[in-house]
Peer 1: 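First the structure, then my questions, so here it is.
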Amino acid sequence: MTKPTLLLIDGNSLAYRAFYAMYKQLDRMVTHDGLHTNALVAFNNFMDQIVDPMSPDYAVVAWDADSGKSTFRGELYSEYKSGRAKTPTELAEQLPYMREMVAFHGLRNYEQHGLEADDIIGTFSREGEALGYSVTIVTGDRDLTQLATDNITVNVTKKGVTEIERFTPEYIAEKYNGLTPQQIIEMKALTGDTSDNYPGVTKIGEKTALKLLAQYQDLDHLYANIDQMKASKMKENLIKDRDQAFCSRKLATILTDADMALPLAEFEYRGIDFDRLIPFYETLDFKQQLAKIRALKKSGQLGSEDQSEVEDNLSLTILQSNNLHAVTELGHQVALHIEIAGDNYHTDDMIGFVIGDEQRGYFASRDFSLLQSPEIKAIIESPTVEKRVYNVKAQRVLFKRLDIELRNATFDFLLAAYLLDTTDNNAELATLAQKYDIYLQLDEDIYGKGAKFSVPTDEGRVLMHIAHKADTLNQLIEPVMVQLKEHEQLALYQDIELPLASVLADMEYTGIRVDQNQLQEMGESLDAQIVDVEKAIYEEAGEEFNINSPKQLGILLFEKMGLPVIKRTKTGYSTAVEVLEKLADQAPIVAYILQYRQLAKLKSTYIDGLLAVVYRQDSKIHTRYLQTLTQTGRLSSVDPNLQNIPMRTEAGRQIRKAFVPSEPNWQIFGADYSQIELRVLAHMTGDKNLQRAFLNDEDIHSETARAVFGLNDDAPITSLQRRAAKAVNFGIVYGISDFGLSNNLGISRAEAKRFIDTYFEKFPQVHEWMENAKTLAHEQGYVETLAKRRRYLPDIHAKNFNRRSFAERTAMNTPIQGSAADIIKIAMIKMNQVLHEHHLQARMLLQVHDELIFEAPTSEIPELEEIVPQVMDSAVALDVPLKVESRHGSNWYSAK
DNA sequence: CCTCTTTCC
DNA sequence: CGATGGGAAAGAGGA
């Protein structure tokens, strides 16, 4: 029979710890009513992680009844705890809620006039020990370690409130040179306590005190034998401060025999009271906690008495996996999900799958051979049964891996959520579903994360988890579709993003072949060059150092070599290219460093990086396009990023030679939009001058140069003027500032401002549109693209100039960049259809924002040169033409 | 995990 | 007064 357990918590001390543990978040953690919650959140974590799992038999949270003044210590020593800073108001306002929290977690609060929390704990701990309990004390104050015995453990919080140091008598002896818990008091008497403001003995700190106590055990023996102590400054101090020491000892002694108003028996631990805790969490805006509770309830992990409190008490029907017939009974709308172990659906293991609907239940299994049964396969491949999924692109690839084609997926919660609000993108289902008041457990709660990821041995738990996911999808479709309709985004969703997801899945699954030998050879050549440059750098530097470390490099260049500091970063000197280029003529090492940087980048990111992700079975790279990440509607590409393969420098561009067709006698074919963003700008602004330039197929940078520099139609344009005009055009698209442009062109701000003013004079509707974009963002809180893609800009209202300015530039740039993204997405969907209709073998492989890359039989190249630009420039009808250029060759290098 | 740097459109 | 161009991914170093 185990001993009953008693938990004693030092409320005041933990409240302080909690407050300062989350002090940085103070301003962010405020409820809708303006109550700070940082300490409450930390305190609740403590309850969650320490108290609830411990589930003691008795528990008390002790609080100071009033300041130390009214206790015996205040009477004994008038300065006791004086000079202590007042409790910050932000903490004080949280204390009453903390007591409620304690109560709702099933613990009793206790305070008593004339006693500090320490004394309450001291007395109860002895009382508990006498009753044969196993006592656990939790505090942030080391003084309480004096209470430790074989039956009383004192836990002192380390950093935060959930990490703890356990003080047992053995641990104290080990840590403090053989000290007993009782001697902690003697130590405090000698050293004093600055926070409680009592003195101890002059010049005696922990080390000296430990030495003295090892010799004399306590104050009484010390002073009894002080005459034999050989003369020293310390001895003088001990004699001088004798009264102080004894007084401090009384102050440091925690009462263990105070008269308590209530006996321990009154403090039975009652467990969490969900009826009161849930509304309490609601008033505190504890969304995560509420989500957790609901998830636990749903998965039936709380006791049955708790279950009744669940408003949406859901019991999922899990169909037996040996009953395939049940699947055929499912309706014409089913939720479908394959669960995988990780992010990379091309390579990661599949954990289980589920298919089902709300009426008939969910068929979940870990046996993937069942998916090959005609019953299930027919549903997935059916063009009439509607499938509801989370991340249709991933699901489509997963089914492809199983040789099954996912058809007619009409609802993708991930895509829909992204269109509704780009800011909470790419989150997992559980997180996104919370917005709709649907709560399920995070994957992390089931599988753990990082190195600890593992599939639970309890198969039922896994199947229940994935069944909940499917059920969530069935519940979400209605409210989500309503919102899309309200946003007028049904067309964007149904005609662009949803079909695009399948196109992307096919591109990713097809992959692009890379010539590994070629990469290998380039790598060896790079290595040789790197070694040479390294040598040159060390020679110039006169020492060896880590060139890859901006910190070490900065010290060398700007301290040891004394080069002028051009720019600083938050943490030190900037060594970025633009800085090094300005320094290049001052020391030969600088040029070497620039060269080293380029070579090192090519080697690590592009040679080693790409080789590491070549899929062994087919010698191809299968990137993943993130369709729900960017704030503008562009795609991004990961594992690896195939949207930043070098192009600008010849050495880097060589990398593209390793991207080759996957079939003999095929070629790489590429097509890109020419100046799509400026054309979109001309269309959206309606600016007649800008539109005319494109309608006449003029060189846009030259036209801008004419406008900005006031040149005649036939006047010659210098390359410098054209370069400046190009920078202006870029600046316009990005939301220009005279500062940015002056930096970019190395001209004065005044001059840059003249360029911009002149530009806006010549293209007045561009100016008008820019101003209007900012106004719109201000009034409605968001901006839109041509296809009604939406981006919210909360910072447009910011008081902070920087944040507001960013939001304003974003308001101007997002409609342009985002509309260009809309256009190429539409083109990609049409492209897939057209390639199919023309019975071409050509395959679309990559998208790089304004460019599409294909592989095709050489014989199809002439037809592609016709079809591809035609499909791309007719993707949408703008007031200006879209222009497409194409190239082809035996690899990506020669197709550009 | 964050900072710095480089790569792309 | 003074901040000051849009959107991304990845590797290396260092806390």
Side-chain angles (χ1 to χ4, degrees), chain A residues 422 425 450 545-554 567-580 593-594 596-610 612-613 623-626 629-649 651-653 655-656 672-677 681 727-745 749 752-753 756 770 773 783 791 793 800-818 820-821 824 846-851 896:
Chain A
T422 51
N425 43 40
F545 66 104
N546 192 337
I547 311 169
N548 284 319
S549 162
K551 192 176 173 183
Q552 292 181 34
L553 180 61
K567 206 172 95 180
R568 286 177 184 278
T569 65
K570 268 181 273 184
T571 53
Y573 313 108
S574 169
T575 64
V577 249
E578 64 270 16
V579 171
L580 296 187
I593 290 165
L594 284 167
Y596 174 89
R597 285 252 178 94
Q598 198 201 3
L599 296 171
K601 175 75 174 179
L602 291 177
K603 180 64 167 46
S604 65
T605 303
Y606 297 107
I607 302 292
D608 299 343
L610 289 177
V613 291
T623 186
R624 274 149 50 228
Y625 288 103
L626 303 188
L629 183 128
T630 72
Q631 300 304 299
T632 57
R634 274 190 178 178
L635 301 176
S636 80
S637 156
V638 294
D639 277 347
N641 182 356
L642 292 183
Q643 293 181 317
N644 70 348
I645 303 301
M647 167 74 189
R648 198 173 34 97
T649 66
R653 199 168 174 167
I655 300 281
R656 296 186 173 218
D672 71 289
Y673 283 110
S674 161
Q675 269 118 26
I676 188 169
E677 292 190 343
L681 180 74
V728 170
N729 279 332
F730 271 102
I732 292 294
V733 170
Y734 293 157
I736 199 157
S737 76
D738 51 11
F739 185 91
L741 185 64
S742 73
N743 248 346
N744 197 280
L745 287 176
R749 266 176 77 169
K753 187 168 182 327
I756 296 166
M770 297 276 176
V783 290
R791 180 175 186 179
L793 297 169
N800 180 295
F801 175 90
N802 260 329
R803 295 171 70 117
R804 191 175 64 248
S805 297
F806 270 114
E808 286 173 355
R809 289 195 289 272
T810 309
M812 299 184 275
N813 171 264
T814 294
I816 304 170
Q817 189 185 119
I824 195 164
L846 304 176
Q847 187 252 44
V848 192
H849 308 306
D850 64 355
E851 175 185 19
K896 180 71 198 179

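Keep in mind the model is a prediction, meaning the values are calculated, not measured. Every chain is numbered from 1, with letters handed out A, B, ... down the list of sequences. Hydrogens, waters and symmetry mates are skipped; everything else that's a heavy atom, side chains included, is used.
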Peer 1: A/I655 vs A/I607, test: side-chain contact (heavy atoms from CB on, under 4.5 Å). Steps then yes/no.
Peer 2: CA-CA 8 Å; A/I655 300 281; A/I607 302 292; 3.7 Å; yes

Peer 1: Select one nucleotide: of C/dG5, C/dA8, C/dA15, the one nearest the side-chain heavy atoms of A/K551.
Peer 2: C/dA15

Peer 1: Which residues pass the ring-ring contact (aromatic ring centres under 6.0 Å, His included) test with A/Y596, sequence neighbours left out?
Peer 2: none

Peer 1: Just how far, in rounded Å, is P of C/dG6 from CG of A/N802?
Peer 2: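 Checked: the CG to P distance equals 10 Å.
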
Peer 1: Could you state the atom-to-atom distance from CD1 of A/I676 to P of C/dG7 in whole Å?
Peer 2: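 From A/I676 CD1 to C/dG7 P: 18 Å.
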
Peer 1: Can you name the side-chain contact (heavy atoms from CB on, under 4.5 Å) partners of A/Y734, sequence neighbours left out?
Peer 2: A/F730, A/N813

Peer 1: Name every residue in residues 807-814 of chain A that has at least one heavy atom under 4.0 Å from any atom of DNA chain B, in order of residue number, or write none if there are no such residues.
Peer 2: none

Peer 1: What distance do A/L681 atom CG and A/Q675 atom CD have between them, rounded to the nearest 0.5 Å?
Peer 2: 12.0 Å

Peer 1: May I ask you to say what A/A752 touches in the nucleic acid, namely base, sugar-phosphate or nothing, with a heavy-atom cut-off under 4.0 Å?
Peer 2: nothing

Peer 1: Using whole Å, report how far CG of A/D608 lies from P of C/dA9.
Peer 2: 21 Å

Peer 1: With a non-hydrogen cut-off below 4.0 angstrom, is A/S805 in contact with a base, only sugar-phosphate, or nothing?
Peer 2: nothing

Peer 1: Mind checking if A/I816 touches a base, just sugar-phosphate, or nothing, with heavy atoms under 4.0 Å?
Peer 2: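 Since no nucleic acid heavy atom lies under 4.0 Å of A/I816, the category is nothing.
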
Peer 1: Tell me what A/N743 touches on the nucleic acid: a base, only sugar-phosphate, or nothing, going by heavy atoms under 4.0 Å.
Peer 2: nothing

Peer 1: Can you run down the side-chain hydrogen bond (donor to acceptor under 3.5 Å, both in side chains) pairs that involve residues 802-812 of chain A, sequence neighbours left out, and say none if there aren't any?
Peer 2: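 Listed once each, the pairs are A/D795-A/R803.
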
Peer 1: For A/S636 versus A/L629, what's the shortest heavy-atom pair and its separation?
Peer 2: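 Closest pair (atom of A/S636, atom of A/L629, distance): OG-CD2, 4.1 Å.
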
Peer 1: In whole Å, what is the span from the CG atom of A/L741 to the P atom of C/dG5?
Peer 2: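 Whole-Å distance recorded here is 11 Å.
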
Peer 1: Indicate yes or no for a side-chain donor-acceptor contact from A/Y625 to the backbone of A/Q847 under 3.5 Å, with no hydrogens or angles considered.
Peer 2: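 Here the side-chain-to-backbone pair exists.
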
Peer 1: Tell me whether A/S637 contacts the main-chain N or O of A/L642 through its side chain, where contact means a donor paired with an acceptor under 3.5 Å.
Peer 2: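 Flag set: sc A/S637 to bb A/L642 pair under 3.5 Å.
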
Peer 1: CD of A/Q675 versus P of C/dG6: gap in Å, rounded?
Peer 2: 21 Å

Peer 1: Figure out the CZ/C1' separation between A/F545 and C/dG13, and round it to whole Å.
Peer 2: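 Answer to the nearest Å: 14 Å.
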
Peer 1: Quick one: on DNA chain C, does A/G609 or A/G740 contact a more 5' nucleotide (nearest heavy atom)?
Peer 2: A/G740

Peer 1: Among C/dA3, C/dA9, C/dG13, find the nucleotide with the atom closest to the side chain of A/S549.
Peer 2: C/dG13

Peer 1: Looking at every strand, decide which applies to A/R791 at a 4.0 Å heavy-atom threshold: base, sugar-phosphate, or nothing.
Peer 2: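 Here A/R791 touches the backbone only, sparing every base.
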
Peer 1: Heavy-atom nearest nucleotide on DNA chain C for A/F801 versus A/F806: which residue maps closer to 5'?
Peer 2: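 Here A/F801 is the residue nearer the 5' end.
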
Peer 1: Contact class for A/N546 (heavy atom, under 4.0 Å): base, sugar-phosphate, or nothing?
Peer 2: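 Sugar-phosphate, no base atom in range.
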
Peer 1: Over all heavy atoms of both residues, which pair between A/L602 and A/P646 is shortest? Give the atoms and the distance, please.
Peer 2: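 For A/L602 and A/P646, the tightest heavy-atom pair comes out as CD2-CG, 3.8 Å.
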
Peer 1: Starting at the 5' end of nucleotides 4-9 of chain B, put B wherever the base has a protein heavy atom under 4.0 Å, S where only the sugar-phosphate does, and a dash everywhere else.
Peer 2: SSBBSB

Peer 1: Mind checking what makes salt bridge (charged side-chain N to carboxylate O under 4.0 Å, His left out) contact with A/D850, not counting sequence neighbours?
Peer 2: none

Peer 1: Report the distance from atom CE of A/M770 to atom P of C/dG5, rounded to the nearest whole Å.
Peer 2: 15 Å

Peer 1: Could you work out the separation of C/dT4 and B/dT5 based on their P atoms and round it to a whole Å?
Peer 2: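 One P to the other, the span is 16 Å.
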
Peer 1: For the pair made of CG in A/L626 and C1' in C/dA8, what is the distance, rounded to whole Å?
Peer 2: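 Value for this atom pair: 10 Å.
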
